[in-house]
Amino acid sequence: MGHFLASTAKTAFFGPQILAFVPAATLGGYWFGGEGLLMFMAIFVPALMGLVGLFVPVQALPPRPRKNADPVTGLALKPALMATLEESFLKEPKQGVRTGVLILEIDDFDNFCGTYGPEAGDHVLAVMAERLESTLREGDLACRMDGAMLAVALAPVRRLDLEAMIQLAARAQQAIGAPVVLGGMRLFLSASIGFCLPRRASERSAQGCFDAAEAALREAQASGNGAIRAFSAQQPRKRVKRAGLAEEVSEALEAGNIRPWFQPQISTDTGEISGMEALARWEHPDRGVILPGAFLPAISASGLSQRLGEVILFHSLTALQDWQKVDIRVPNVAVNFSHEELADPTLCDRVRWELDRFDLTPDRLVVEILETVISRSDNDTITRNVTQLQELGCGIDLDDFGTGHASIANIRRFSVSRIKIDRSFVTRIDSDRDQQALLTAILEMAERLGIETLAEGVETVGEHALLAQLGCGYVQGFSIARPMPFAATLDWMQGHQRRVADRPKIRREAG
């Protein structure tokens, strides 16, 4: 160690520091010795430094590692967070200040690491930690917890309320939501955030406050990616209710109480039915029909997403076969495939087997993929599955287009044959010029790419007519029909066929 310090000291003396004296020495040489001394210094000084460099290796002082820091992010660890919170609690009654704790976790991080590998996961964690620190105030302490979880102990201040905590969480979320460049790709991630003010925690201690913030985080994650939740006394009761719902939804799935309802899709050129979309509905014996938003989180949390997909696909292909038996031609049925299903290596074999089982050609099935799936994932299995399904002959619909930052390159890579324009771009297009301009741009892009278009959420005749004039190929929404159980589809389709035969067709504008 002594030899290292001595050599380091020599290196430091003959290193960049000595260069600071060269201008003064040069000026002095010229002043006192004229050009001859100046020439001597110009040759002698560089030669001397070069000789010294041969015998004294240039070494950089190693960076001093942060004590007890996480090696991936460089942040402090949980013990430092708890110690800081305990110290802050001691200050509160004496100095009249308040503190709080915020916990965030990167959404779908396990899937991300499974797609890109653990090294990419470490890179993302380091980037997110740096971004989180950039949003904090002086005195705030950011720490690394387990996995993709980061936490912040807030510096005690005189005024810290719910609004201030929400603003801090929103800043952190905005920073983390910026694209991450990985291997030339721009990837978008999000984080769920939970926080707690000590006066709301059931136990006024560092551990009590941390546990409350973690409970708020779980509440946020149950609400979907990118949510922010503050801890409240109601949350423990909600968790018990969700646990009961998870058990109930599993039983309902196996009992056949969760099945698809169907919503028609029609051509704007002919008015004819172009297909049906299968939408999961829970027909509850006591609560009536329950929409997916109320039970899909429980399905996902219970690991039943693939089982739900199997059930919906089976009933959808059964419906196609039954419509065919009564001479009602429905060209295809569109089925939503979850991220978990698309990441299953056996998916294509399973779909092929089901189609053969019902004696249906692949073009009778349209595979719907959420835009968020292809914008956030480069999973080789997902890409391969979608490509194989397209090669098999299935249609590929990109659902909720415009909400998930999907690039044109990804649309091409996933062999998308049709984009489903999200209803947020459709609402009020018959009265809002800005909305019309935006929708027109989307339709023109799709036409140039050779991709068909379907508008979702069409609720008025005016919207329907304008979409036809602008060149949107297909429409779906309440103005045509609400989702209905299979038993109601037969009467509706027969009535629709009669109405189409009796009225002028809505066609797109020439030119």
[X] to [Y] - nearest heavy-atom pair and separation:
{"X": "T453", "Y": "A446", "answer": "CG2-CB, 3.4 Å"}
{"X": "K78", "Y": "M145", "answer": "CA-CE, 3.5 Å"}
{"X": "Q390", "Y": "S415", "answer": "CG-CB, 3.6 Å"}

Are side-chain heavy atoms of [X] and [Y] found at a separation under 4.5 Å?
{"X": "L355", "Y": "R364", "answer": "no"}
{"X": "H339", "Y": "L342", "answer": "no"}
{"X": "Q174", "Y": "T135", "answer": "no"}
{"X": "P264", "Y": "M484", "answer": "yes"}

**OP:** Classify the ring geometry between F109 and F112 as parallel (under 30°), tilted (30 to 60°) or perpendicular (over 60°).
**Re:**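 Answer is parallel, since the angle falls under 30°.
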Subject >> Lys NZ or Arg CZ of R259 over F486 ring: under 6.0 Å, within 45° >> reply: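 R259 over F486 ring: no.
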With [X] via ring pair (Phe, Tyr, Trp, His ring centres under 6.0 Å) - residues at least two apart:
{"X": "H315", "result": "none"}
{"X": "H123", "result": "none"}
{"X": "F210", "result": "none"}

Output yes when a side-chain donor or acceptor of [X] lies under 3.5 Å from a complementary backbone atom of [Y], and no otherwise.
{"X": "E341", "Y": "L347", "value": "no"}
{"X": "E272", "Y": "S267", "value": "no"}
{"X": "N385", "Y": "D344", "value": "yes"}
{"X": "S190", "Y": "G177", "value": "no"}
{"X": "S274", "Y": "Q265", "value": "yes"}

**OP:** Measure from the ring center of W323 to the ring center of F262 and say whether it is less than 6.0 Å.
**Re:**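 That pair passes the under 6.0 Å test.
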